[in-house]
Every structure is written in C-alpha cells, then in structure tokens.
Amino acid sequence: MTPAELKNAVRAAVAASVDNGELAVAVPDEVGVERPKVKDHGDYATNIALQLAKPAGLPPRRVAELLATRLRESDGIDSVEIAGPGFLNIRLSGDALGQVAKQVLIAGASYGTNDRFAGESVNLEFVSANPTGPIHIGGVRWAAVGDALARLLQASGAKVTREYYFNDHGGQIDRFARSLLAAARKEPSPEDGYGGAYVDEIAQRVTEQVPDVLEQHDPQEVFRERGVALMFEEIKASLHDFGVDFDVYFHENALHESGAVERAVARLRALGHIYEKDGAVWLRTTEFGDDKDRVVIKSDGDPAYISGDLAYYLDKRERGFDRVVIMLGADHHGYIGRMMAMCAAFGDTPGVNLEILIGQLVNLVRDGEPLKMSKRAGTVITLEDLVEAIGVDAARYALARSSADSQLDIDLDAWSRQTSDNPVWYVQYAATRAASVLRNAGDLGFTVDHDADLSLLTHPRENDLLLALAEFPAVVATAAELREPHRVARYLEEKVAKSAQRFWDDCQVLPKGDAPAEPTTAPRLLLWKATRTVLENGLGMLGVTAPERM
RNA sequence: GCGCCCAUAGCUCAGCUGGAUAGAGCAGCCGCCUUCUAAGCGGCAGGUCGCAGGUUCGACCCCUGCUGGGCGCGCCA
C-alpha cells in the first residue's frame with residue numbers, strides 16, 4: 001500500500017462517515033498522511049480528525065474514533081490508534097507494505113513520476129548568461145537547479161522546454177568587441193571592457209580565422225560577430241559537459257529584427273497602458289504594482305532593454321506555453337515588479353502565467369576563504385573553476401541540495417574529498433552497494449523474482465526502507481510544485497541512502513559460502529533492486545550519475 | 001530612504017507551506033569488520049529556532065516592529 005492509496009482509504013473513511021450521518025462536513029479533496037517522526041507512532045499518521053473537528057462540531061477524539069473504526073476494516077491496515085489530541089496512528093500489514101517494492105520494480109525507470117502537471121506546457125528559462133565571457137558561478141547555480149527542476153516537472157507530467165536567452169543586442173556586446181579588438185592590437189582593455197585571459201584567447205582565435213582582420217575597414221564588427229559566436233559555442237559546450245542542454249537558444253536580436261518589439265508595444269498601446277512623456281514611450285507599470293513606470297522606447301528612438309522582455313514574454317505565450325518561468329540571480333530581483341506588471345498589462349495572471357525564481361549568490365570557499373580569482377576569467381569565478389575543483393556530479397549535487405533562497409557556500413575541499421563528509425558520495429555509495437548485491441547475486445545464479453514473498457520483509461530495517469521508497473512519488477511531486485529540487489536530494493540522503501545503509505548492515509541478503517538460499521533471500525534481493533531503482537531515478541532527476549561501482 | 005533573500009547544534013544545512021519529544025551530515029567522545037564494498041553502522045554529547053510583541057487549542061513556520069548579513073533600486077544591458 002502506497003501513501004497515495006492510504007490517503008484514498010482515509011478519505012473513503014471520511015466519506016463513509018459523512019454518508020452515514022455521523023459527520024456533518026464537506027469531504028476534503030485531499031487528506032494529509034505523513035510519516036511520524038517518532039517510530040512508536042506507527043508507519044503513518046494523519047491529523048484529519050483535528051482538522052474536521054471544528055466544522056463537524058465534535059471533539060477531535062470523537063471524530064478520530066469514528067474514522068479509526070472504519071479504517072481498521074480497510075485492507076492492508078494492521079492497526080489504527082488514537083493518540084494525543086486526536087491523531088490517527090496507522091500501521092500497515094507486512095504484506096501491504098512489502099508490495100511497495102514490487103510496485104517500484106514494475107514501474108522501473110518511471111517510478112516517481114506523477115501527473116501533478118499533466119497537460120501543462122512550461123517554458124523554463126535559465127542561465128541566459130551574456131556571451132561576453134565564460135559562464136560565471138551565478139549562472140551555474142541555475143544550470144544545476146534549473147535543469148533539475150526541468151526534470152522534476154517532466155516527471156510530474158509537464159511538457160517542458162528549456163530555454164536560453166542569448167543576449168546579443170546591447171552595449172555589453174560592443175564593450176566585449178572593443179575588448180577583443182584591443183587584445184588583438186596588444187593594447188590594454190578599455191576602461192569599461194572585459195578582462196581575463198579568455199579575452200586574449202578569443203581575440204587570438206578570431207585572428208586565426210581572419211588573419212587580416214586588423215586591416216579590414218571595421219575590425220571591431222568582425223570581432224563582435226566572431227567573438228560572440230565563439231563565446232557562445234564555448235558556453236554551450238561547458239553546459240553540455242555539465243549535463244545541461246537547452247531545447248531553444250533564443251536570440252534577443254531576433255526580437256528586434258522581426259518587428260516583435262513593435263508588435264508588443266502596439267499590443268500594450270491598444271490595451272491602454274502606453275503613454276508618451278519627455279520624448280520617450282512609457283509603460284504604465286505602476287498600475288499593476290510596480291514602484292515606477294518604465295521607459296519602453298527611449299527619447300532617442302532606441303528600444304529600452306525592457307522592450308525586449310516584453311516582446312520575449314509575448315513570444316513565449318504565443319508559442320503556447322501556459323507557464324513561463326524565469327530563473328534569475330539575486331542581483332536581478334529588482335526585475336520582478338516590472339515583469340509581473342508587464343504580465344498583468346498583457347492581461348495575464350502574474351504568478352501563474354509568469355513566474356520568476358530568484359537564486360541567492362553562491363560562493364566557492366577554499367581554506368575558509370571565498371575564492372576571488374579565476375584562472376581564465378580574472379575576478380569572475382566560472383563553471384570551469386567549479387567543475388575542475390570537484391567534478392560534475394559533486395558540483396551538481398552541491399548546488400541542488402540546498403534551497404535556492406539561501407546563499408550558499410561550497411567548500412571545495414569537502415566536496416572534492418572522496419570520504420563520508422561529501423554527501424554526494426554517501427548517496428552514490430548506497431547506490432553502488434545496491435548494484436554490488438545485485439551483481440553478486442547474479443554471479444551466484446540468483447535472479448530477482450517478482451513473485452518473492454514480500455510478507456517476509458518484517459525486519460525494522462526493511463520496514464523503514466520500504467516506507468522510504470514509498471515516499472518517492474510524493475517527494476517528486478512536492479519538489480516540482482514548490483520548485484525546490486533540493487527536497488529530492490535531502491530525501492535521497494536522509495531517507496533512502498540512510499535506510500539502505502542500515503538495511504545493508506543488519507540484513508544479510510546472499511547466503512554465506514555454499515549455504516543454500518534463505519527464505520529471505522528472494523524478497524531482500526527484490527528490495528535491493530527497488531532501492532537501486534529509486535536511487536537511480538532520484539539521482540537522475542538531479543542530473544547526477546548512479547555508478548555501478550566505486 | 002524603499003524593496004527582495006537569509007538568521008535553527010561548534011561548522012554546513014534540512015524542517016514536507018500551523019501539529020506530537022526541533023532533525024541530518026561534519027567536527028568531538030565510546031563501541032562494531034570469522035564472507036554480500038567499514039567510503040559503512042550503533043551509541044553519547046551538543047539548541048532560549050536572531051530579539052520583542054501578536055494571532056490560536058497549538059508557532060521554527062503566519063502577522064507587526066526591531067537587530068545583523070547578502071543583494072538591488074538608470075531613458076545601462
């Protein structure tokens with residue numbers, strides 16, 4: 001019996017009591033069932049009686065008694081106790097819990113998927129770093145978290161498009177081009193230009209592609225075009241090596257060249273949210289909660305930066321996305337007000353059609369001191385610096401295991417150590433132990449038998465592990481719904497890997513030496529297979545590998 | 001001045017959106033390898049959940065005000 005099935009049973013008990021006239025309440029759509037912190041409180045607990053007591057006009061314990069009586073008659077429930085103010089503590093029968101392992105095997109790679117976002121089309125935009133340098137550490141957090149979120153939403157039934165906004169229109173590109181030109185001429189970088197060894201590298205490569213570039217009549221334009229292209233290819237390659245690939249790379253230039261900006265402004269004008277002042281064109285965002293109105297077309301006739309955002313949002317909606325999600329760094333949180341106002345100005349619902357997630361800053365720490373210098377990028381710490389220090393798996397896991405709402409320090413020494421103070425190793429170690437049991441079983445001629453007698457899984461360690469595996473689909477759904485992939489990482493560490501390690505220690509699976517198989521051999525093997533499946537699926541959602549051996 | 005995020009064990013962080021005795025990992029101390037990976041497991045110790053009020057049967061969680069830290073408030077992009 002899974003938690004979802006148990007919820008249905010509890011809800012059915014409520015419905016039955018209502019039908020019978022014992023409870024005068026509306027049957028809730030969803031009832032909560034949780035794992036109690038204290039083991040004595042059973043396998044699962046629900047506070048539904050406390051919640052229904054007030055509307056029913058009955059004491060909580062009286063409601064609890066009514067529900068307990070009915071629940072005790074349900075299949076798969078061993079006992080129901082009323083505790084404290086009116087909690088229902090539920091214990092499952094051994095076989096009902098054991099069936100979870102079998103269900104994991106049957107579902108296989110799809111175990112953990114759910115239909116929370118079925119039928120929804122979601123556009124996730126993240127990283128979107130400017131092609132003026134290697135991808136910096138701020139963008140890396142979203143590379144890991146955003147990609148994990150994409151996987152979680154997909155696992156929850158959504159149709160997800162990963163999108164990267166290629167900011168190739170504004171003045172920072174000109175500064176980059178001037179920096180490349182200066183480097184090629186062996187001159188110092190301009191005051192407002194870009195520094196770092198990579199500028200010299202890119203300038204060098206452009207010069208190799210176009211040997212006479214400095215003799216051309218507009219060399220800066222050559223450096224701009226080719227330098228940006230090279231930089232962008234490099235960014236794509238680093239992200240690919242990091243396990244992150246985008247479905248759409250969208251060019252800001254396209255919005256300006258196609259007339260999309262003008263169309264977006266015209267649309268807003270028709271809706272009555274545009275006015276002119278001081279020779280510029282303004283969007284009345286204050287009408288929708290922003291703290292000041294925003295210039296859309298500058299007095300010199302050039303579109304302001306936000307006009308690209310207007311057109312880009314409209315374009316995404318016209319491409320059919322129900323939800324447009326944008327993930328930004330903490331230094332961009334000031335955009336939320338104007339973006340949400342813009343969304344409302346188009347007649348959409350902020351928070352539903354447009355969602356903006358803010359990730360706080362990440363520091364790389366070595367010897368207790370924040371890293372300040374990068375080999376290639378000067379004072380900007382890059383994706384390469386991180387991966388070089390601790391590897392892709394540790395990097396992705398370290399970034400994905402903490403809430404994006406909090407600033408994060410990544411201790412490079414701890415995460416590069418191949419010991420137990422490195423959380424990703426702990427989870428991967430559990431996964432390799434599962435693999436090794438299955439491998440050794442195969443060598444001994446045992447196969448995983450789907451018809452194994454799961455009622456023999458009565459050891460407390462087995463019980464705990466089964467309960468942990470049963471939680472997975474709900475963890476995935478919650479993580480997707482709250483946009484918090486770190487819940488999956490914590491679950492894998494604290495619930496699955498922990499329970500699996502304890503199971504390993506206390507429950508020998510394979511017979512020793514030449515001894516014949518024990519009755520528990522087959523069900524335990526099946527439990528290991530289910531555990532391996534959950535660890536693989538869970539790590540997979542974070543973009544981390546589950547090795548066969550370490 | 002205004003706004004966003006954060007504050008929980010010595011350190012790094014969870015806490016399932018109001019429930020039972022606040023949880024992990026590391027660091028510290030004590031145990032466990034005569035067969036599936038000891039990169040592990042068990043135990044001990046460690047807390048005024050930043051401070052002060054409020055809301056209610058019940059608050060780490062919600063509200064208000066402080067304190068401290070990070071980041072922002074352009075006709076830049």
Side-chain angles (χ1 to χ4, degrees), chain A residues 32 34-38 40-41 45 47 50-51 53-54 60 83-87 89 130 132 167 169-175 192 252 277-282 291-292 294-300 302-306 308 329-337 358-361 363 365 368 401-411 414 417-423 425-426 428-430 432-433 435-441 443-444 471 474-475 478-479 481-482 484 486-487 489-491 493-495 498 501-502 504-513 515 524-525 528 549-550:
Chain A
E34 61 181 14
R35 289 276 308 279
K37 288 173 205 155
V38 182
D40 290 345
H41 294 162
N47 63 351
L50 280 80
Q51 290 174 345
K54 191 173 276 183
F87 293 102
N89 292 337
N130 293 341
T132 53
N167 206 308
H169 186 73
Q172 86 279 3
I173 296 291
D174 295 332
R175 295 205 301 277
D192 59 354
E252 184 187 3
K277 191 182 80 175
D278 304 333
V281 178
W282 297 69
D291 42 9
K292 61 186 84 162
R294 304 293 169 175
V295 168
V296 175
I297 306 292
K298 297 188 276 187
S299 51
D300 65 5
D302 284 345
Y305 181 74
I306 192 177
D331 54 341
H332 285 69
H333 75 259
Y335 289 13
I336 296 176
I358 297 296
Q360 299 299 318
L361 300 183
N363 279 312
V365 174
R401 86 186 277 268
S402 291
S403 164
D405 286 340
S406 297
Q407 287 181 52
L408 178 63
D409 287 341
I410 295 180
D411 183 332
R417 231 172 275 149
Q418 302 194 349
T419 63
S420 54
D421 52 351
N422 182 343
W425 282 86
Y426 183 73
Q428 290 183 316
Y429 185 45
T432 59
R433 276 188 152 171
S436 83
V437 168
L438 296 166
R439 191 167 52 239
N440 294 339
D443 293 344
L444 292 170
E471 277 186 74
V475 170
T478 302
E481 195 163 17
L482 299 178
E484 293 184 346
H486 75 271
R487 289 173 187 276
R490 299 297 176 151
Y491 159 76
E493 266 174 70
E494 294 167 11
K495 303 286 177 62
K498 187 72 185 171
Q501 300 281 21
R502 289 174 166 174
W504 170 280
D505 263 4
D506 287 356
C507 301
Q508 176 83 22
V509 178
L510 301 173
K512 298 182 180 182
R524 282 179 174 173
L525 212 46
W528 269 119
R549 57 184 89 216
M550 296 169 62

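Numbered from 1 within each chain, the chains take letters A, B, ... in sequence-line order.
Atom CG in A/N47 sits roughly 9 Å away from atom C1' in B/G18 (whole-Å rounding). Between the P atom of B/C36 and the CG atom of A/D443 lies a distance of 14 Å, rounded to the nearest Å. Summarising the geometry, the separation between CD on A/E34 and C1' on B/U17 is reported as 13 Å, rounded to the nearest angstrom. Going from atom CG of A/D505 over to atom P of B/U37 covers 12 Å, rounded to whole Å. In this entry the distance linking CZ of A/R433 with P of B/A39 reads 8 Å, nearest Å. Distance, A/R502 CZ to B/A38 C1': 16 Å, rounded to whole Å. Atom P of nucleotide B/A24 and atom CH2 of A/W425 are separated by 25 Å, given to the nearest angstrom. Nucleotide B/G15 holds its C1' atom 10 Å from the NZ atom of A/K495, rounded to whole Å.
Residues A/L444 and A/L510 form a side-chain contact, since some pair of their non-hydrogen atoms from C-beta on lies under 4.5 Å apart. With a 4.5 Å cut-off on side-chain heavy atoms, A/C507 and A/R524 count as touching. Contact annotation: the side chain of A/N167 approaches that of A/Y305 to within less than 4.5 Å [non-hydrogen atoms, C-beta and beyond]. Side-chain contact between A/R175 and A/T132: absent, with no pair of heavy atoms (C-beta onward) separated by less than 4.5 Å.
Between A/N167 and A/L50, the residue anchored nearer the 5' end of RNA chain B, judged by the nucleotide with its closest heavy atom, is A/L50. Between A/A45 and A/P303, the one whose closest nucleotide on RNA chain B sits nearer the 5' end is A/A45.
In this structure, A/D174 reaches neither bases nor backbone, as no heavy-atom distance under 4.0 Å exists between it and the strands shown. Counting non-hydrogen atoms under 4.0 angstrom, A/A280 reaches a base of the nucleic acid. In this structure, A/Q501 reaches the sugar-phosphate backbone alone: every heavy-atom distance under 4.0 Å involves primed, P, OP1 or OP2 atoms, never a base. Nucleic acid contact class of A/S436 (heavy atoms, under 4.0 Å, all strands): base. Backbone-only engagement by A/G171 is indicated by non-hydrogen atom pairs under 4.0 Å involving sugar-phosphate atoms exclusively. Nucleic acid contact class of A/A430 (heavy atoms, under 4.0 Å, all strands): none. At a threshold of 4.0 angstrom between heavy atoms, the contacts of A/L361 are confined to the sugar-phosphate backbone, with no base atom among them. As judged by a 4.0 angstrom heavy-atom cut-off over every strand, A/Q508 is placed among the base-contacting residues. Among the heavy atoms of the strands lying under 4.0 Å from A/S403 are primed sugar atoms or P, OP1, OP2 only; no base atom is included. A/R549 comes within contact range of at least one nucleobase, with a heavy-atom separation under 4.0 Å. Within the nucleic acid shown, A/D506 has no heavy atom closer than 4.0 Å to any nucleic acid atom.
Checking B/C6, B/G72, B/C16 against the side-chain heavy atoms of A/D331 singles out B/G72 as nearest. Of the candidates B/G15, B/U37, B/C13, B/C13 carries the atom nearest the A/S402 side chain, counting heavy atoms from C-beta on. You'll find that the side chain of A/H486 is closest to B/G15, out of B/C36, B/C71, B/G15. Of the candidate nucleotides B/G40, B/U37, B/A20, B/U37 has the atom nearest to the side chain of A/R439.
Between A/K498 and the phosphate of B/G42, there is a side-chain N or O to OP1/OP2 separation shorter than 4.0 Å. One finds no side-chain N or O of A/R490 lying less than 4.0 angstrom from the OP1 or OP2 phosphate oxygen of B/G25. Look at A/R487 and you'll find a side-chain N or O under 4.0 angstrom from OP1 or OP2 of B/G15. Using a 4.0 Å cut-off, no side-chain N or O of A/K292 falls inside it from OP1 or OP2 of B/C2. Dashed line: the shortest gap from a side-chain N or O of A/N440 to OP1 or OP2 of B/U35 is not under 4.0 Å. Applying the 4.0 Å criterion to OP1 and OP2 of B/C4, one finds that A/H332 has every side-chain N and O outside that range.
Across the C1' atoms, B/C26 and B/A9 are found 12 Å apart, a figure rounded to whole Å. Comparing the same atom, P, in B/A22 and in B/A59 gives a spacing of 13 Å after rounding to whole Å. Between the C1' atoms of B/G54 and B/G15, the separation comes to 24 Å (whole Å). Annotation: B/C4 and B/G46 have their C1' atoms spaced 34 Å apart (nearest Å). One C1' atom belongs to B/G47, the other to B/A24, and the distance between them is 15 Å to the nearest Å. When the P atom is compared between B/C51 and B/G10, the two are found 14 Å apart, to the nearest whole Å. Of the C1' atoms belonging to B/A7 and B/C60, the separation is 11 Å, rounded to the nearest Å. Across B/A14 and B/U8, the matching P atoms stand 11 Å from one another, rounded to whole Å.
Distance CD/A/E471 to CD/A/E34: 10.5 Å, rounded to 0.5 Å.
Stacking between A/F87 and the base of B/G19 is absent under the criterion of ring centres within 5.5 Å and planes under 30 degrees. Both geometric conditions, a ring-centre gap below 5.5 Å and a plane tilt below 30°, are not fulfilled together for A/Y426 over the base of B/A39. Ring stacking holds between A/W504 and B/C36, with the centres under 5.5 Å apart and the planes within 30 degrees of each other. Remark: ring of A/H41 stacked against base of B/A20; centroid gap under 5.5 Å, plane tilt under 30°.
Under 3.5 Å, the side chain of A/S299 and the base of B/C75 form at least one donor-acceptor pair of N or O atoms.
Listed here is the closest heavy atom pair of A/R490 and A/R401: NE-O, 2.9 Å. For the residue pair A/I358 and A/A330, the shortest heavy atom distance occurs at CG2-CA, 3.6 Å. Minimum interatomic distance between A/W528 and A/A430 (heavy atoms only, all atoms of both residues): CZ3-O, 4.5 Å.
The partner of B/C4 is B/G70, by the rule that a Watson-Crick or G-U pair needs both atom distances under 3.5 Å. In a base pair of the Watson-Crick type (N1 to N3 plus N6-O4 or O6-N4) or a G-U wobble (N1-O2 and O6-N3), with each distance short of 3.5 Å, B/C16 is matched with no nucleotide. In this structure B/U34 sits in no base pair that meets the Watson-Crick or G-U test at under 3.5 Å. Checking B/C75 for Watson-Crick or G-U wobble geometry (two distances, each under 3.5 Å) identifies no partner in any strand. Nucleotide B/C29 has B/G43 as its partner under the Watson-Crick or G-U criteria, with both atom distances under 3.5 Å.
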A/R433 vs A/Y429, side chain to side chain donor-acceptor pair (under 3.5 Å): CA-CA, chis, key distance, verdict: CA-CA 6 Å; A/R433 276 188 152 171; A/Y429 185 45; 3.2 Å; yes

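Checked for salt-bridge contact, A/K498 and A/E493 miss the test: no charged N lies under 4.0 Å from a carboxylate O.
B/C33 has its base syn relative to the sugar, with a glycosidic angle deviating from 0 by at most 90°.
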